[in-house]
Amino acid sequence: MPTDPADGAVFVHHIDEPALGPVVVGEEQIRDRIATLGDEITRDYQGRAPLLICVLKGAFVFMADLARAIRLPLEVDFMAVSSYGASTKSSGVVRIVKDLDIDLTGRHVILVEDIVDSGLTLTYLRRNLAARQPASLDVCALFVRQGNQKTQEELRYVGFEIPPAFVLGYGLDVGERFRNLPYVCEFQGPA
Ligand code: 5GP
């Protein structure tokens, strides 16, 4: 099993693959941070049953762990979006591929995102969800890429700010692969 590389020991990746670069956030760090986020949400949402919305596919691992760190009655729903084009850069033009099953009217919604880069996807999603008349709408993003945001979105809960490199693992893919890594590392392409 890989360990966090904090002690300078040689790090052995979970998968033998040259595209995997240095670890950005280790398994234990992710676990600890999610426990803290779960505590904060549990405290902030006392007396309310939040509805967690997972943006597929990248946020599915985070959402599964976050939901179990929140000690409140809650519900979950899923939506899938795709950016137009196959580029690794977001255009902000988003298409809903799978919509929610649950009506948001009067609900306390927490939008669970994997990573906020330009923020354009989030801006689109927030506007789309807000139009459905929820009682409240907060965002919980596991990662925010430092200094890249083109929009000023309020992010109530953030896991980690990470440096500019493109990352994979813990739900994040490159060409649909590597979502099963239990930690997040840099992509050293080509995969
Ligand atoms: P934004 O619209 O904020 O520029 O981009 C957000 C979306 O782009 C994320 O939800 C994610 O799907 C994708 N994305 C942004 N940065 C990364 C990254 O470093 N790795 C991976 N795998 N996806 C990313």
Side-chain angles (χ1 to χ4, degrees), residues 24-25 30 33-34 36-38 40-41 44-45 48 50-67 69-70 74-174 176 178-179 184 186-187:
V24 177
V25 187
I30 294 176
R33 186 71 189 116
I34 291 177
T36 305
L37 289 172
E40 284 176 24
I41 292 172
D44 296 348
Y45 279 76
R48 294 184 285 170
L51 170 61
L52 304 190
I53 294 181
C54 172
V55 185
L56 295 170
K57 298 177 191 173
F60 85 102
V61 179
F62 175 40
M63 167 101 147
D65 285 342
L66 180 69
I70 299 171
L74 58 74
E75 291 173 38
V76 299
D77 203 354
F78 299 84
M79 69 191 295
V81 299
S82 79
S83 293
Y84 284 104
S87 152
T88 53
K89 288 246 179 325
S90 170
S91 62
V93 183
V94 174
R95 188 164 54 97
I96 295 179
V97 178
K98 182 223 170 288
D99 208 348
L100 300 168
D101 296 327
I102 298 176
D103 179 5
L104 299 192
T105 312
R107 301 301 308 265
H108 295 285
V109 172
I110 302 177
L111 177 60
V112 179
E113 262 283 22
D114 51 1
I115 178 164
V116 176
D117 185 14
S118 68
L120 294 172
T121 304
L122 182 60
T123 298
Y124 171 86
L125 285 174
R126 194 203 280 267
R127 202 169 296 153
N128 184 288
L129 298 180
R132 306 182 197 200
Q133 315 294 333
S136 63
L137 176 56
D138 282 325
V139 177
C140 181
L142 184 56
F143 300 111
V144 174
R145 183 164 287 113
Q146 278 158 1
N148 239 18
Q149 285 72 63
K150 296 195 175 107
T151 57
Q152 286 302 316
E153 283 292 336
E154 198 216 319
L155 301 172
R156 179 148 187 201
Y157 306 101
V158 172
F160 301 91
E161 295 217 348
I162 58 168
F166 194 81
V167 294
L168 53 87
Y170 201 74
L172 294 166
D173 75 314
V174 174
E176 294 300 330
F178 310 121
R179 295 191 195 274
V184 167
E186 285 185 23
F187 175 55

Engineer: Start with the C-alpha gap between Glu113 and Thr121, add the side-chain angles, then the distance that decides, and say whether side chain to side chain contact (heavy atoms under 4.5 Å, CB included) holds.
Structural biologist: CA-CA 10 Å; Glu113 262 283 22; Thr121 304; 4.0 Å; yes

Engineer: Could you check whether any side-chain heavy atom of Asn128 comes within less than 4.5 Å of a side-chain heavy atom of Val94, counting everything from C-beta outward?
Structural biologist: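 No, every pair of side-chain atoms sits at 4.5 Å or beyond.
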
Engineer: What pairs meet the salt bridge (Lys or Arg N to Asp or Glu O under 4.0 Å) rule with one or both residues in residues 156-172, with sequence neighbours excluded?
Structural biologist: Asp44-Arg156, Asp138-Arg156

Engineer: Show your reasoning for whether side chain to side chain contact (heavy atoms under 4.5 Å, CB included) applies to Met79 and Leu129.
Structural biologist: CA-CA 11 Å; Met79 69 191 295; Leu129 298 180; 4.1 Å; yes

Engineer: Can you name the residues that form a side chain to side chain donor-acceptor pair (under 3.5 Å) with Gln133, not counting sequence neighbours?
Structural biologist: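 Scan of Gln133 (side chain to side chain donor-acceptor pair (under 3.5 Å), adjacent residues dropped) gives none.
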
Engineer: Could you tell me whether a side-chain N or O of Arg145 sits under 3.5 Å from a main-chain N or O of Ala165, the two making a donor and an acceptor?
Structural biologist: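 A pair under 3.5 Å: yes.
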
Engineer: Is there a side-chain contact between Glu154 and Val139 (heavy atoms, below 4.5 Å)?
Structural biologist: no

Engineer: So among Asp114, Ile30, Leu168, Ile115, which one has a side chain to side chain contact (heavy atoms under 4.5 Å, CB included) with Val184?
Structural biologist: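 Of Asp114, Ile30, Leu168, Ile115, side chain to side chain contact (heavy atoms under 4.5 Å, CB included) with Val184 is met by Ile30 alone.
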
Engineer: Looking at Gly106 and Ala135, what are the two nearest heavy atoms and their distance?
Structural biologist: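 Heavy atoms only, the tightest pair is O-CB, 3.4 Å.
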
Engineer: Taking all non-hydrogen atoms of both residues into account, name the closest pair between Leu74 and Leu52 and its distance.
Structural biologist: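 Nearest heavy atoms, Leu74 then Leu52: CD2-CD1, 4.1 Å.
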
Engineer: State the CD1-CE distance between Ile34 and Met63, to the nearest 0.5 angstrom.
Structural biologist: 12.0 Å

Engineer: Supply the atom-to-atom distance Asp173 CG to Lys57 NZ, rounded to the nearest 0.5 angstrom.
Structural biologist: 7.5 Å

Engineer: Going through the distances and angles, do Ile96 and Tyr124 end up as a side chain to side chain contact (heavy atoms under 4.5 Å, CB included)?
Structural biologist: CA-CA 10 Å; Ile96 295 179; Tyr124 171 86; 4.1 Å; yes

Engineer: Can you classify the ring geometry of Tyr45 versus Tyr157 as parallel (below 30°), tilted (30 to 60°) or perpendicular (above 60°)?
Structural biologist: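 The rings of Tyr45 and Tyr157 sit tilted, inter-plane angle from 30° to 60°.
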
Engineer: Distance from Phe187 atom CZ to Leu172 atom CG, nearest 0.5 Å?
Structural biologist: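 One finds 12.5 Å between CZ of Phe187 and CG of Leu172.
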
Engineer: Mind listing the closest non-hydrogen atom pair of Ile41 and Cys140 along with its distance?
Structural biologist: CD1-SG, 4.4 Å

Engineer: Take Leu125 and Ile53 through the side chain to side chain contact (heavy atoms under 4.5 Å, CB included) test and state the conclusion after the steps.
Structural biologist: CA-CA 11 Å; Leu125 285 174; Ile53 294 181; over 6 Å; no

Engineer: I need the minimum non-hydrogen distance between Pro134 and Val109, along with the two atoms involved.
Structural biologist: CB-CG2, 3.9 Å

Engineer: Could I get the full list of side-chain contact (heavy atoms from CB on, under 4.5 Å) partners for Ala130, not counting sequence neighbours?
Structural biologist: Leu137

Engineer: What's the spacing between Leu122 CG and Leu111 CG if we round to 0.5 Å?
Structural biologist: 6.0 Å

Engineer: List in chain and number order the residues that pass salt bridge (charged side-chain N to carboxylate O under 4.0 Å, His left out) with Asp99, two or more places apart in sequence or in another chain; answer none if no residue qualifies.
Structural biologist: Arg132

Engineer: Could you report the tightest heavy-atom contact between Ile110 and Pro50, atom names first, then the distance?
Structural biologist: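 In this case the closest contact between Ile110 and Pro50 is CD1-CB, 3.9 Å.
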
Engineer: What ring pair (Phe, Tyr, Trp, His ring centres under 6.0 Å) pairs are there with at least one residue in residues 126-149, not counting sequence neighbours?
Structural biologist: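 Passing the test, one end in residues 126-149: Phe143-Phe160.
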
Engineer: Could you pull out all residues at least two apart from Arg126 that satisfy salt bridge (charged side-chain N to carboxylate O under 4.0 Å, His left out)?
Structural biologist: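 For Arg126, the residues satisfying salt bridge (charged side-chain N to carboxylate O under 4.0 Å, His left out) (neighbours in sequence not counted) are Glu153.
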
Engineer: Minimum heavy-atom separation for Val158 and Leu37, please, with both atom names.
Structural biologist: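 It is O-CD2, 3.9 Å.
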
Engineer: Using only atom types and a distance under 3.5 Å, with no angle test, would you say the side chain of Asp77 pairs donor to acceptor with the backbone of Asp101?
Structural biologist: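 Checking the backbone N and O of Asp101 against the side chain of Asp77, a donor-acceptor pair under 3.5 Å is found.
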
Engineer: Would you indicate whether the side-chain heavy atoms of Asp65 and Tyr170 approach each other to under 4.5 Å?
Structural biologist: yes

Engineer: For the atom pair CZ (Phe60) and SG (Cys54), what is the distance rounded to the nearest 0.5 Å?
Structural biologist: 8.5 Å

